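What you see is a predicted model; the values in this text were computed from it and never measured. Numbering of ligands and ligand atoms starts at 1, following listing order.
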Amino acid sequence: MNGAGEDHEGTAVRRDRFSGGPAREFLSSLAGDRRIFAADLAVDRAHVVMLAEQGIIDGETAGEILAALDDVEASGHDGLPAGEDVHEAIETAVIDRIGPDGGKMHTARSRNDEVATCIRYRLRSDLLDAIEATIALREVLCSAAEEHVGAVMPGYTHLQPAQPTTVGHYLLSYESAVARDTARLLDAYGRTNRSPLGAAAFAGTPFDVDRERTAALLGFDGIVRNSMDAASARDFLAEATGALATHAVTLSGLAEDLVLFSNRGFLELDDDYASTSSIMPQKKNPDTLELVRGVAGDAVGAATATLSSLKGLPRAYNRDLQRVHPHAFDAVDAVIDATDVAGGAVATASWDETALADAAGEGFSTATGVADLLAMAGIPFRTAHEVVATAAERFENDVSAAKIDAVAEEVTGESLFAHVSREDVRAALDPAESVASRDSVGGPAEYEVEAAVEAATDGVSADETAANERRDRIETARKTLAAEVATYV
Ligand code: ARG
């Protein structure tokens with residue numbers, strides 16, 4: 001038993017026996033590992049504390065290693081010696097400081113479980129940032145919806161005027177979607193926040209490691225038990241990038257709508273969220289929203305790259321994996337930025353309620369309401385549909401109660417007003433009345449939207465609590481680990 005991970009040969013010098021050649025740069029992840037520098041130090045500390053507690057290394061050596069790690073931390077990522085990756089470089093830096101005993105740090109582990117732990121440790125915080133960004137966006141959507149709860153606007157299908165709705169109803173449709181995005185990210189968080197540490201290369205270790213202890217010291221919710229799974233699994237990256245890409249796609253739809261609404265003069269972006277042209281002096285362009293829309297491309301790319309890289313990888317560890325997690329880090333950064341910008345744009349935009357109301361009835365968008373009215377009076381819906389469709393076609397969407405009645409006489413052989421009052425038809429033709437009539441659950445009628453804002457706000461608070469609990473658990477673990485380290489240093 002030599003207690004070594006597959007790549008541990010005791011000294012940094014011996015490790016250099018490979019990969020000193022032209023492939024050196026290609027092999028190295030050191031630059032990109034900046035992202036997991038702090039994570040690796042935490043993982044090293046928890047591992048060393050556990051090794052000492054288990055009597056695998058003595059307390060004095062643990063103290064020296066932990067003191068060296070403090071010093072490595074102070075020098076920062078840029079102060080690291082050359083290395084194939086941050087794990088190797090930190091180990092070399094420790095050995096440089098305290099001599100060969102520094103090599104005891106890598107007892108009973110491998111870079112395989114180490115890197116998997118570092119990625120999960122770092123990504124969970126990033127996911128929490130993303131979760132909080134989605135929550136903040138939902139807050140913005142809720143308050144804008146509340147503010148414009150009764151503002152009538154055109155609703156579209158196939159980008160054609162379809163039925164009038166309200167700005168409140170429209171905005172809450174995105175709040176609902178973003179709420180599911182939050183839920184997906186919370187799910188991804190749950191499966192990310194488990195510790196692979198102690199799996200070693202993949203095959204476990206003869207040392208009496210306490211995997212639950214390192215998991216707790218690092219604030220994980222538990223361990224990834226099967227050691228081969230622990231070292232190999234990256235499905236949490238597929239899940240995280242999938243959830244991020246899904247959210248980015250949600251954002252892209254919102255951004256696209258707002259670009260279209262700006263084009264129609266329904267909405268004006270605040271100057272902070274607009275750009276001008278270098279040549280056309282009059283221009284105010286919705287560039288921020290176009291970039292939000294564009295981020296979906298990056299995020300979908302990250303999810304695709306992740307799955308493509310993982311496809312068909314054999315067990316257990318393969319170096320391809322080194323190229324996978326950066327996609328998640330890139331995606332999470334871009335998606336958080338896009339979420340923040342989308343929220344800022346919505347929060348500061350001004351909706352032109354008059355322009356929206358004027359457009360709400362365009363293209364005879366109240367036609368469905370008229371057909372519904374006739375059907376409610378007992379005319380079969382298909383017949384009502386035909387009456388209204390014929391009127392729409394004949395009068396090129398410029399209809400009135402009298403015009404519809406004329407068509408009804410032709411189609412059904414009797415006047416409309418045998419079934420409904422003239423007043424009710426006029427009301428059905430009015431966009432605001434049309435909206436008010438659609439009070440089915442989740443519909444645009446004002447009191448429905450008000451109730452929906454309340455429910456959405458409750459959902460936001462619940463998710464806020466969930467995110468805070470996770471933050472607190474991480475922070476508590478961070479303090480516990482620091483206190484444990486202090487007893488040795
Ligand atoms: N930098 C590597 C990665 O990110 C660390 C693991 C190296 N392990 C190995 N067996 N070569 O995956």
Side-chain angles (χ1 to χ4, degrees), residues 2-12 14-21 23-44 46-47 72 77 80-94 103 105-124 126 192 195-205 214 218 224 227-238 240-241 302 305-332:
N2 66 12
E6 60 163 292
D7 49 17
H8 178 257
E9 300 297 336
T11 72
R14 295 247 356 242
R15 226 204 230 126
D16 260 0
R17 72 197 191 283
F18 293 137
S19 66
R24 194 186 178 87
E25 283 296 308
F26 186 68
L27 280 162
S28 177
S29 61
L30 187 56
D33 286 348
R34 176 184 299 278
R35 182 83 177 211
I36 53 170
F37 175 67
D40 197 60
L41 289 165
V43 170
D44 286 344
H47 184 66
V72 171
H77 186 267
L80 288 174
E84 201 173 88
D85 53 33
V86 72
H87 322 294
E88 192 185 284
I90 289 179
E91 186 186 334
T92 303
V94 168
M105 180 168 78
H106 208 58
T107 311
R109 75 174 187 191
S110 150
R111 281 185 295 162
N112 296 353
D113 59 337
E114 187 180 357
V115 68
T117 310
C118 291
I119 301 165
R120 288 169 180 267
Y121 181 97
R122 173 62 207 241
L123 185 63
R124 70 174 180 197
D126 294 325
T192 297
S195 176
L197 197 61
F202 76 89
T205 168
T214 45
L218 292 168
V224 185
S227 63
M228 189 180 289
D229 179 42
S232 312
R234 295 292 187 278
D235 51 289
F236 68 97
L237 293 174
T241 52
T306 299
L307 288 166
S308 307
S309 302
L310 296 179
K311 180 186 173 295
L313 281 189
R315 286 280 185 264
Y317 177 86
N318 303 276
R319 196 60 173 274
D320 318 41
L321 293 178
Q322 178 168 291
R323 300 187 66 83
V324 181
H325 56 271
H327 296 302
F329 293 137
D330 290 348
V332 78

**Q** With a cut-off of under 6.0 Å to the ring centre and 45° to the axis, is Arg315 in cation-pi contact with Phe202?
**A** no
**Q** Show which atoms of ligand 1 fall inside a sub-4.0 Å distance from at least one heavy-atom site of Arg319.
**A** 11 (N)
**Q** Is there a donor-acceptor pair closer than 3.5 Å between any side-chain N or O of His77 and the backbone N or O of Arg35?
**A** no
**Q** Is Tyr317 in polar range of ligand 1, meaning some N or O pair under 3.5 Å apart?
**A** yes
**Q** Using a 3.5 Å cut-off on N or O atoms only, is Glu84 in polar contact with ligand 1?
**A** no
**Q** Can you find a heavy atom in the side chain of His87 that is under 4.5 Å from one in the side chain of Asp44?
**A** no
**Q** Pairs of nitrogen or oxygen atoms closer than 3.5 Å, one from Gln322 and one from ligand 1: do any exist?
**A** yes
**Q** Which ligand 1 atoms are under 4.0 Å away from a heavy-atom of His325?
**A** 4 (O)
**Q** Calculate, to the nearest 0.5 Å, the distance between atoms SG and CG belonging to Cys118 and Leu123 respectively.
**A** 12.5 Å
**Q** Output yes when Glu84 and Arg319 qualify as a salt bridge under the 4.0 Å nitrogen-oxygen rule, no when they do not.
**A** yes
**Q** If the cut-off is 4.0 Å to any non-hydrogen atom of Asp85, which atoms of ligand 1 fall inside it?
**A** 1 (N), 2 (C), 5 (C)
**Q** Quick test of your reading of the model: are Asp40 and Arg122 salt-bridged, counting only N-O distances below 4.0 Å?
**A** no
**Q** Would you say Arg234 and ligand 1 have an N/O pair spaced under 3.5 Å apart?
**A** no
**Q** Check each heavy atom of Glu114 against ligand 1 and say whether those closer than 4.0 Å belong to the side chain, the backbone, both or neither.
**A** neither
**Q** Would you give the length of the straight line joining atom CG of Asp85 to atom CD of Glu91, rounded to the nearest 0.5 angstrom?
**A** 10.0 Å
**Q** Looking at Ser29, which atoms of ligand 1 are within less than 4.0 Å of one of its heavy atoms?
**A** 1 (N)
